[in-house]
There are 2 protein chains.
Amino acid sequence: QDVTAGKTKAGVCAACHGAEGVSVIPDYPNLAGQKVKYLESSIKAYRDGQRKHAVMSPMASGLSDADILDLAAYFAALPANK
Amino acid sequence: QDVTAGKTKAGVCAACHGAEGVSVIPDYPNLAGQKVKYLESSIKAYRDGQRKHAVMSPMASGLSDADILDLAAYFAALPANK
């Protein structure tokens with residue numbers, strides 16, 4: 001897991017989940033400070049079809065396991081303070 | 001949504017999600033400071049079968065809409081600091 005690589009890959013996430021991982025949309029979760037393992041399993045669940053969402057399913061569909069670990073490490077490392 | 005009622009109903013949640021909504025288990029998400037709407041839709045998704053989890057599905061199965069709103073309000077109001 002590479003936080004710096006995750007930050008680069010996370011650019012597109014900010015539109016919904018906020019520039020610092022605190023969501024700007026009430027329906028969408030904050031990611032900052034979340035557990036890295038939970039973030040990893042959630043993104044994989046969207047990619048692999050156990051979870052379905054109109055935005056997240058296509059977003060996750062092109063991600064490798066390494067991409068997902070980098071993204072999870074990046075968001076987990078952000079401060080959770082609102 | 002009633003934060004105090006939510007706190008009472010949240011007793012059983014603490015075993016996995018922590019006494020203050022910060023999970024003690026890496027696989028399970030922190031709930032403290034999460035968006036109330038996201039918490040509500042997540043618990044409903046477990047209750048109604050769109051999301052499945054060995055623990056959360058049975059936990060959510062007996063909850064009313066009002067229970068879920070109270071729980072969501074309680075966890076959203078907890079400080080997100082790790």
Side-chain angles (χ1 to χ4, degrees), chain A residues 1-3 6 10 13-61 65 68-82, chain B residues 1-3 6 10 13-61 65 68-82:
Chain A
Q1 8 183 291
D2 180 331
V3 169
C13 311
C16 291
H17 292 288
E20 297 293 328
V22 175
S23 175
V24 293
I25 301 175
D27 299 81
Y28 294 162
N30 304 329
L31 305 180
Q34 189 52 274
K35 294 280 189 284
V36 63
K37 287 262 294 174
Y38 178 73
L39 292 169
E40 179 192 3
S41 63
S42 296
I43 302 171
K44 285 185 176 174
Y46 284 120
R47 183 191 64 182
D48 300 337
Q50 293 98 342
R51 288 181 72 174
K52 296 178 201 303
H53 185 271
V55 178
M56 278 305 299
S57 299
M59 282 284 182
S61 66
D65 286 358
I68 290 171
L69 270 176
D70 291 345
L71 288 165
Y74 168 65
F75 283 110
L78 290 173
N81 313 41
K82 281 184 286 191
Chain B
Q1 6 184 295
D2 181 330
V3 169
C13 311
C16 292
H17 292 287
E20 297 293 327
V22 175
S23 176
V24 292
I25 300 174
D27 299 80
Y28 293 164
N30 303 329
L31 304 180
Q34 188 52 275
K35 293 280 188 285
V36 64
K37 287 263 292 175
Y38 178 73
L39 292 169
E40 180 192 3
S41 64
S42 296
I43 302 171
K44 286 185 174 175
Y46 285 119
R47 183 190 65 181
D48 300 337
Q50 293 98 344
R51 287 180 74 174
K52 296 177 202 305
H53 185 269
V55 178
M56 279 304 298
S57 299
M59 282 285 181
S61 67
D65 286 359
I68 290 171
L69 270 176
D70 291 344
L71 289 165
Y74 168 65
F75 284 111
L78 291 173
N81 311 42
K82 284 185 284 189

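In what follows, every chain begins at residue 1, and chains take the letters A, B, ... in the order their sequences are listed. Everything quoted here is computed from the prediction, not taken from an experiment.
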Student: Name the member of A/Q50, A/R51, A/K37 that forms the most heavy-atom pairs with chain B at distances under 4.5 Å.
Tutor: A/R51

Student: Salt bridge (Lys or Arg N to Asp or Glu O under 4.0 Å) with A/K52: which residues, sequence neighbours excluded?
Tutor: none

Student: Between B/I25 and A/K35, which heavy-atom pair has the shortest distance, and what is it?
Tutor: O-CE, 4.0 Å

Student: List the atom pairs, donor and acceptor, that lie under 3.5 Å between side-chain atoms in residues 71-78 of chain B and the rest of the protein, sequence neighbours left out.
Tutor:
none

Student: Identify, with sequence neighbours excluded, every residue that meets ring pair (Phe, Tyr, Trp, His ring centres under 6.0 Å) alongside B/Y28.
Tutor: B/H53

Student: Please output the residues of residues 38-49 of chain A in contact with chain B, using a heavy-atom cutoff of under 4.5 Å, in numerical order.
Tutor: A/Y38

